[in-house]
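Have a look at the structure below before the remarks.
All chains are named by letter (A, B, ...) in the order of the sequence lines, taking the proteins before the strands, and each is independently numbered beginning at 1.
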2 protein chains.
Amino acid sequence: MGRKRTKSGKIRLAEVAELAGVSPITASRFFRNPEALSVAKRTRVESAAKELGYVPNLAARALASHRTEVIGVLIPSLTNNVFSDVLRGIYDASEGGRYSIQLSNTRYSILQEEKLLRLFLAQKPAGLIVTGIDQTAESRAMLQAADCPIVQIMEIGPDPVDMMIGFSHYDAARAAVAHLFEQGHRKIGFVGARMDPRVQRRLDGYVSAMKDAALFDQRLVVTTATPTSVTLGGALFTDLLAREPDIDAVFCANDDLALGVLFECRRREIAVPGQIAIVGFNDLEFMASAVPTLTSVRTNRYEMGKTAATMLIEAIEGRRPEQPVLDLGFKVIERQSSSARRSDGRPTVSGAGAANKMIALPSSHD
Amino acid sequence: MGRKRTKSGKIRLAEVAELAGVSPITASRFFRNPEALSVAKRTRVESAAKELGYVPNLAARALASHRTEVIGVLIPSLTNNVFSDVLRGIYDASEGGRYSIQLSNTRYSILQEEKLLRLFLAQKPAGLIVTGIDQTAESRAMLQAADCPIVQIMEIGPDPVDMMIGFSHYDAARAAVAHLFEQGHRKIGFVGARMDPRVQRRLDGYVSAMKDAALFDQRLVVTTATPTSVTLGGALFTDLLAREPDIDAVFCANDDLALGVLFECRRREIAVPGQIAIVGFNDLEFMASAVPTLTSVRTNRYEMGKTAATMLIEAIEGRRPEQPVLDLGFKVIERQSSSARRSDGRPTVSGAGAANKMIALPSSHD
DNA sequence: AGGAACGTTGACAGCGCTACCAGCAACGAC
DNA sequence: GTCGTTGCTGGTAGCGCTGTCAACGTTCCT
């Protein structure tokens with residue numbers, strides 16, 4: 001006909017089939033389930049496709065099959081180092097495979113998350129990775145109803161929607177405080193920013209550990225909803241000092257805050273750990289090279305992302321994991337900044353080469 | 001017929017059209033070009049769509065129209081803070097619009113980039129954002145031939161494929177060195193990691209500035225192909241010191257390295273800036289709160305991403321920017337770490353509150 | 001030998017949308 | 001009054017692929 005459509009100039013599956021001398025449907029099967037073909041046809045289709053440089057049309061495939069090969073990922077922030085590590089893991093696991101990653105940023109808003117979820121689900125994704133366990137009721141309902149595998153990442157908790165991978169922020173915070181106790185610190189402040197649900201649970205862990213030791217005092221806690229930053233760490237610490245000048249130690253909800261506290265100490269000529277010990281959270285790379293080196297709670301962010309995507313892909317392809325809830329645990333990496341309190345204001349651990357002693361713990365499920 | 005297809009249970013455009021009492025094609029037009037409809041039909045289709053909760057099937061749309069609403073983004077790294085800022089800008093600019101972002105990571109390999117480009121182009125993206133100006137010849141040819149708008153980001157150079165937004169890393173490095181000269185520093189080392197093309201151009205800028213002042217010495221340059229980190233900054237600086245113990249200043253190719261150098265100085269009890277001045281690159285947040293505060297070259301990463309995506313979307317929709325090459329420039333943010341050299345080893349600028357003096361420069365095109 | 005079971009292949013009919021073109025009314029120009 | 005011209009609308013025919021089911025040949029069983 002006189003139709004002058006763009007026609008895309010692309011090689012179609014039918015062309016491949018023709019060159020291979022098979023029907024289009026057989027060629028189609030080659031790309032979806034090669035084992036179903038006889039070896040002879042398989043090789044013929046394979047070489048025909050290679051010869052023509054065939055690239056499947058994903059839109060046509062999605063339209064005909066009623067499903068896409070898109071994995072939706074919902075994370076709260078693109079800036080936060082923590083998520084970039086997780087993302088890297090996700091991208092690494094999906095690379096080379098048939099699934100593509102569709103990323104969206106909820107900006108720490110569960111309402112925004114709900115909106116994005118609705119958007120994603122409408123496109124019938126192959127699978128979904130969502131952050132955390134604090135969805136709205138509506139979001140949860142949509143997730144339950146979704147006919148694709150779902151992985152919740154970053155933390156573990158009761159009632160997984162489907163699969164879950166993370167660790168207990170509560171237990172991790174308790175372990176950090178326990179470490180400070182061991183080192184002889186008693187009056188331990190808490191500094192937190194953003195106060196998203198995971199930071200809140202770290203605070204809860206801190207509070208419970210302090211209460212267990214009958215050392216809790218609300219005045220030791222300084223938090224803000226403001227997004228975290230190094231500068232903010234210094235500012236919050238300043239507030240804390242103004243309120244409680246004689247604290248022993250500070251447990252920071254993340255490493256940026258910890259670095260800010262360290263700088264603020266230096267500015268005020270407060271010896272670390274001699275006068276004040278510092279513990280961070282996440283164990284970002286710089287913690288090991290700061291002066292003094294900074295104690296932190298190591299979390300397996302890259303592995304979390306990678307495993308989440310791997311589990312998800314397996315599940316999409318029908319191989320559900322035996323263990324749908326995976327606790328990746330954490331480790332308290334003990335460094336100079338939290339070493340034992342001594343009256344002369346000098347750390348007991350010294351030198352950059354001092355071994356990083358580790359306390360490894362799987363977080364206990366609750 | 002007795003076909004028992006999943007049928008997806010979704011509202012189709014035809015249903016919307018029926019409810020609105022128009023033909024499907026008119027309903028289709030409502031979503032693509034509402035102005036083409038009479039006001040009466042427009043409102044009828046609109047309310048019908050809302051009433052039924054219609055969500056367009058993107059696969060069908062892509063198949064029928066031979067184009068997708070996907071913007072492909074190729075960046076070299078997901079870890080690097082610099083790119084997460086750029087990405088945030090890109091996502092922010094695309095949010096709420098019809099285009100979705102498809103991200104891929106080239107891992108600083110132009111071969112990988114070429115492979116990904118081929119993959120992307122096969123899906124007929126609506127537009128493309130690529131990093132830098134150092135594509136393979138093959139990649140460049142594909143980009144030239146692509147029938148979609150393209151923005152190259154992160155730097156500017158001759159021969160844009162299409163649009164381009166960034167700044168001159170060469171000029172920025174020269175400005176940083178010029179600032180150190182002004183402050184009386186002469187024997188200025190260079191520390192660089194990864195050595196991707198942009199870092200290489202920063203090195204080139206440093207070399208040219210040093211040569212102009214007849215101060216260049218190859219022994220002042222320490223680089224490695226290893227990915228950058230704070231720890232690496234300390235290690236490279238250690239190498240530099242071993243080679244040239246009497247340097248005045250260090251220009252670091254990025255802020256992580258600069259922080260590592262600062263920590264190493266502290267470890268070695270080298271006064272900053274008294275004995276050695278430090279200048280970083282990118283002006284990450286922590287630079288302003290370090291002790292001493294660290295001088296850096298501020299680059300507009302978020303804005304770069306946001307503007308790139310905005311320009312791209314405009315171009316996709318037929319409104320090409322008047323200015324296809326945009327130089328976002330840079331600013332040398334002068335802080336304590338680079339203040340004037342004095343014999344007593346103490347900075348002339350002191351106190352955290354000291355104003356950040358800025359030298360703003362659009363990078364000169366070449 | 002008959003037939004059930006399996007593995008392999010192909011025909012058909014769309015998936016939900018849009019490109020293209022034709023048609024139709026309203027309007028102004030000649 | 002006739003002829004464009006413009007603005008809006010609709011019909012037709014796919015886009016490139018896959019789900020479904022039927023059909024075929026082969027092997028294995030009883």
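Rounded to whole angstrom, the span from the CZ atom of A:F30 across to the P atom of D:dT18 amounts to 13 Å. Taking atom CZ of A:R12 as the reference point, atom P of D:dC17 lies 8 Å away to the nearest angstrom. One interatomic measurement links the two molecules: CG of B:L63 to P of C:dG14, which rounds to 17 Å at whole-angstrom precision. One interatomic measurement links the two molecules: NZ of B:K124 to P of D:dC15, which rounds to 14 Å at whole-angstrom precision. Rounded to whole angstrom, the span from the CD1 atom of B:I25 across to the C1' atom of C:dC17 amounts to 8 Å. Between the NE2 atom of B:H66 and the P atom of C:dG16 there is a distance of 19 Å, rounded to whole Å. Rounded to whole Å, the distance from CZ on B:R61 to P on C:dA19 is 10 Å. If you measure from atom CZ of B:R44 to atom C1' of D:dT9, you get 12 Å, rounded to the nearest angstrom.
Sorted pairs that involve residues 113-148 of chain A and meet ring pair (Phe, Tyr, Trp, His ring centres under 6.0 Å), not counting sequence neighbours, are lacking altogether.
Contact check of residues 47-57 of chain B against DNA chain C (heavy atom, cut-off under 4.0 Å) returns B:Y54, B:P56, B:N57. For the segment residues 13-22 of chain A, residues with any heavy atom less than 4.0 angstrom from an atom of DNA chain C are, sorted by number, A:V22.
The salt bridge (charged side-chain N to carboxylate O under 4.0 Å, His left out) check on B:R118 picks up B:E114, B:E138, with sequence neighbours excluded. Looking at residues two or more places apart in sequence or on another chain, you find no salt bridge (charged side-chain N to carboxylate O under 4.0 Å, His left out) involving B:E51. Scanning for ring-ring contact (aromatic ring centres under 6.0 Å, His included) contacts around A:Y54 gives A:F31, with sequence neighbours left out. With sequence neighbours excluded, the residues satisfying salt bridge (charged side-chain N to carboxylate O under 4.0 Å, His left out) with B:R107 are A:D92, A:E95. With sequence neighbours excluded, the residues forming a salt bridge (charged side-chain N to carboxylate O under 4.0 Å, His left out) with A:E314 are A:R319, listed by chain and number. Under the side-chain hydrogen bond (donor to acceptor under 3.5 Å, both in side chains) criterion, A:S139 pairs with A:T136, not counting sequence neighbours.
B:T26 and B:S23 are linked by a side-chain donor-acceptor pair at a separation below 3.5 angstrom, with hydrogens and angles left out of the test. Side-chain polar atoms of B:S84 and B:R88 form no donor-acceptor pair below 3.5 angstrom.
Side chains of A:L74 and A:T131 form no contact here, defined as non-hydrogen atoms less than 4.5 Å apart. Using a 4.5 Å heavy-atom cutoff, the side chains of B:V45 and B:V22 are in contact. B:Y91 places a side-chain heavy atom less than 4.5 Å from the side chain of B:L103. Side-chain contact between B:L143 and B:Q135 is present, with at least one heavy-atom pair separated by less than 4.5 Å. Counting heavy atoms from C-beta outward, B:R29 and B:L37 have side chains that approach closer than 4.5 Å.
Looking at the side chain of B:R67, the nearest of the listed nucleotides D:dG19, C:dC15, C:dA19 is C:dA19. Listed nucleotides C:dT18, C:dT9, D:dG16 differ in distance to B:S28; the shortest reach to its side chain belongs to C:dT18.
Between its two ends, the helix from C:dA1-D:dT30 to C:dC30-D:dG1 turns its axis by 40°, counting five pairs per end and rounding to 10 degrees.
With respect to the salt-bridge test (charged N to carboxylate O, under 4.0 angstrom), the residues B:E303 and B:K306 do not qualify. The existence of a salt bridge linking A:R140 and A:D134 is excluded, since no basic side-chain nitrogen approaches an acidic carboxylate oxygen closer than 4.0 Å. With respect to B:E69 and B:R61, a salt bridge is recorded, a charged nitrogen being found less than 4.0 Å from a carboxylate O.
An OP1 or OP2 oxygen of C:dT18 is reached within less than 4.0 angstrom by a side-chain nitrogen or oxygen of B:R32. Residue B:S65 places none of its side-chain N or O atoms closer than 4.0 Å to OP1 or OP2 of C:dT18.
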Where do N or O atoms of nucleotides 22-26 of chain D meet protein N or O atoms at under 3.5 Å, pair by pair?
none

Identify each atom pair where a protein N or O and an N or O of nucleotides 4-8 of chain D are less than 3.5 Å apart, giving names and distance.
none

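One can find a donor-acceptor pair under 3.5 Å joining the base of D:dG10 and the side-chain atoms of B:R29.
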